[in-house]
Chemist: 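The following block contains the structure, expressed as structure tokens.
Labels below follow one simple rule: chain letters A, B, ... track the order of the sequence lines, proteins then strands, and each chain is numbered from 1. Computed from heavy atoms alone, side chains included, the values below leave out hydrogens, waters and symmetry copies.
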There are 2 protein chains.
Amino acid sequence: MASIKDVAAAAGVSVATVSRVLNDHPSVSDDARARVLAAVETLGYRPNAVARSLRTDQTHTLGLVISDVMNPYFTELARSVEEEARALGYSVIIGNADERPDLQDHHVRNLLDRRIDGLLVSPTDGGSPLMLDAVRAGTPMVFVDRWIPGVDVPVVRSDGQAAVRDLVAHLHGLGHRRLAIIAGPAATTTGRERVEAFRTALAAYGLGLPEAYVGQGDFQAESGRRVTEGFLDLPEPPEVVFAADNLMALGALDAVRARGLRVPDDIALAAFDDIPWFVHTDPPITAIAQPTGELGRAAVRALVDRIEGRPPESVTLPARLVVRRSCGESPARNRSQS
Amino acid sequence: MASIKDVAAAAGVSVATVSRVLNDHPSVSDDARARVLAAVETLGYRPNAVARSLRTDQTHTLGLVISDVMNPYFTELARSVEEEARALGYSVIIGNADERPDLQDHHVRNLLDRRIDGLLVSPTDGGSPLMLDAVRAGTPMVFVDRWIPGVDVPVVRSDGQAAVRDLVAHLHGLGHRRLAIIAGPAATTTGRERVEAFRTALAAYGLGLPEAYVGQGDFQAESGRRVTEGFLDLPEPPEVVFAADNLMALGALDAVRARGLRVPDDIALAAFDDIPWFVHTDPPITAIAQPTGELGRAAVRALVDRIEGRPPESVTLPARLVVRRSCGESPARNRSQS
DNA sequence: GTCGTCGATGTAAACGATTCCACGAGGAGG
DNA sequence: CCTCCTCGTGGAATCGTTTACATCGACGAC
């Protein structure tokens, strides 16, 4: 592969001059510039990003460590992150932690070794020493979706409180009184917050959230199935199951179906995180939608601000309720349809 | 960040010795090794992968350029690729081409500039000069899922011929005679092959595939919707729509619903590429499933073989039909259920 | 006419690793 | 006792860039 030396030789100038035209430094004659450009063209020269990074100590690369690529929410997040990063002149390397702290650490270490310029992470747990050290060492970092309390890192996330309140109002209006939740891991902020928001919203209607109605999931489909089976086995099963993410909702749907029960007739179902597929499930699932794309873009902007020396901003965007049919027909719809 | 020099100083040895310890070269005394290891520990030293890559001319990184991350098929592929690569000591950088040749080129160029050790690609088009040049220049490359004919690169893919035959048999058995297909872009092998397999299978039943029953899609949901609307507007609409990928099937489902029609009663639907969500759609969708995980793993193995000097192997794995309810109830099921 | 400035260029030193080569000590073999 | 190997080690070159510094000619101002 042709190097800068070859170009210099072909153009009859020094490597410094070649470098200057490539980085369009002002101080180079038109003549030299033309000869260099011609040489670059004929040799098909492309600068070696590895060497360049070594010298400049910048890779123009962002790391993104997410908890689960197979979750459409994170896929969409990853996509918007890459788009915004590309627009700002950065590449992104994605690490999939699969909700496993050890894998998360593996990726963080790998990305740090590659000297990425900054790290976007949606932490799977409370933060390993490795990650905390990286923050302390000054690695530009931004948390997205989930975060770690007490760590001084900007957070870009969405606030579901209002939407959860709307959801509970919707459920209450439909006559449901026994509401259960499939929670995410307590080690994650989203895992805890969604339960709290739910509990608070219930309280506003004088409803409680008994221990038995809080199932412990791990944001994966299988746990949704397991927890839902537990709910169904209760002497007094809930009338509604609210899954704290879309995958667990899918598992819950499976469990309900496996018993030969139907949604929403026998039990209602709602989920946090809306995805395109929810329109097409049987029945379409009522969900709380995050502004995922905007979240990804804002996270990248915050990180790049931090990297380039501008003060980064934490951002919180509201989520919103999208009503479909999985919790029962609303009176208005019923009237118009039946 | 501590460099190898700092470690050498702290351990009272030369950088050469530190390097030897780190790459466990045999010729280093136990004493020196212990001191170096201790210094590494206290300094929290991690070798700079950028510098190492520059010197050794290897990045231990694979590039993966896929056509669309939001497509669950490719997401799963990406995941299995990363897993296998990790097992073999490689990282992977994913580039999302979004079915756009220009974006594909952008990512290929970017990955080449970063001097990745090898490239896995699922080409969006017939191959840009850039990609062809890279092959000619000797960049280790493997095509996965889709490929470019006439280019000497190993291909890892699945063969859907038999499964398409099974599908047509299934449809024919259900009494369907007017079968239409939403094709993928003609620039892709999968786009062309699936139509041909379908046409061949139909011929075996004495059925033809009229021009009007071949809609041109682009593997994205929106095109599925558009094409299906076209089918529905025909004086004699098809009884079955076979979508050449899962996203277009989703679009087709939308279009059918938007007309107030029902699947499978008014029109049957089948798709190439099975995904977990198809179990939960209304109705569950009959699809042709590829062994996606195995495809990803085989592709990585082939690429790594090529990189490490072993002869790489092309691999073709069979796809299989998964019958669900979107094409109508099979007689057997009907009998047992009603 | 001289001096200072400025623009265009080249030389060479980094960046952080790996690795070839040389060197000295110590042991084995004659 | 000398020679030759082996083993552990350090020095220094190298990978492909960027960039500080030196150089040199031309030109404008006095």
Chemist: Could you check whether A/D125 and A/Q104, counting side-chain N and O atoms only, form a donor-acceptor pair closer than 3.5 Å?
Modeler: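 A donor-acceptor contact under 3.5 Å links the two side chains.
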Chemist: Judged by atom type as modelled, is there a donor-acceptor pair below 3.5 Å linking the side chain of B/T75 to the main-chain atoms of B/V69?
Modeler: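 Yes; at least one donor-acceptor contact below 3.5 Å.
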Chemist: What's B/V13 touching, base or sugar-phosphate or nothing? Going by heavy atoms closer than 4.0 Å.
Modeler: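 The answer is sugar-phosphate, as B/V13 gets under 4.0 Å only of primed atoms, P, OP1 or OP2.
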Chemist: Between C1' on C/dT18 and CD1 on B/I4, what's the gap in Å once rounded to a whole number?
Modeler: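 Value for this atom pair: 8 Å.
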Chemist: When the distance from CZ of B/R46 to C1' of C/dG16 is rounded to whole Å, what number comes out?
Modeler: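 Interatomic distance, CZ of B/R46 to C1' of C/dG16: 15 Å.
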Chemist: C/dA14, OP1 or OP2 - any side-chain N/O from A/R55 closer than 4.0 Å?
Modeler: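 False: A/R55 side-chain N/O out of range (4.0 Å or more) of C/dA14 OP1/OP2.
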Chemist: Thinking salt bridges, do B/E294 and B/R297 make one under a 4.0 Å N-O criterion?
Modeler: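 A salt bridge links B/E294 with B/R297.
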Chemist: Does a donor on one side chain and an acceptor on the other come within less than 3.5 Å for A/S67 and A/R146?
Modeler: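 A pair is found: one side chain offers a donor N or O, the other an acceptor, under 3.5 Å apart.
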Chemist: In whole Å, what is the span from the CG atom of B/D6 to the C1' atom of C/dA17?
Modeler: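 After rounding, the reported distance stands at 13 Å.
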Chemist: Salt bridge between B/R86 and B/E83, side-chain N to carboxylate O under 4.0 Å?
Modeler: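 Salt bridge between B/R86 and B/E83, a charged N being under 4.0 Å from a carboxylate O: no.
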Chemist: Could you tell me whether A/R100 and A/D98 have a side-chain N and a carboxylate O separated by less than 4.0 Å?
Modeler: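 Salt bridge flag = no for A/D98 with A/R100.
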Chemist: Rounded to whole Å, how long is the line connecting atom CG of B/N48 with atom P of C/dA17?
Modeler: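 Checked: the CG to P distance equals 5 Å.
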Chemist: Rounding to a whole Å, what distance do you find between A/R115:CZ and C/dA17:C1'?
Modeler: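 After rounding, the reported distance stands at 11 Å.
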Chemist: Is atom CD of A/E308 surrounded by more than 12 heavy atoms (other residues, nucleotides or ligands) closer than 6.0 Å?
Modeler: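 Correct, the count exceeds 12.
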Chemist: In this structure, how many angstroms lie between the P atom of C/dT18 and the NZ atom of B/K5, rounded?
Modeler: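 After rounding, the gap between these two atoms is 14 Å.
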Chemist: Quick one, which residues of residues 14-34 of chain B touch DNA chain D with a heavy atom under 4.0 Å?
Modeler: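 Those residues are B/S14, B/A16, B/T17, B/R20, B/S27, B/V28, B/S29, B/A32.
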Chemist: Roughly how many Å is it from CD in A/Q58 to C1' in C/dG16, rounded to a whole number?
Modeler: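 Rounded to whole Å, this separation is 17 Å.
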Chemist: Could you give the CG-to-C1' distance, from B/L43 to C/dG16, as a whole number of Å?
Modeler: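 In whole Å, C/dG16 C1' lies 15 Å from B/L43 CG.
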Chemist: Please figure out whether A/R52 or B/T56 has its closest DNA chain D nucleotide nearer the 5' end.
Modeler: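 It is B/T56, whose closest nucleotide lies nearer the 5' terminus.
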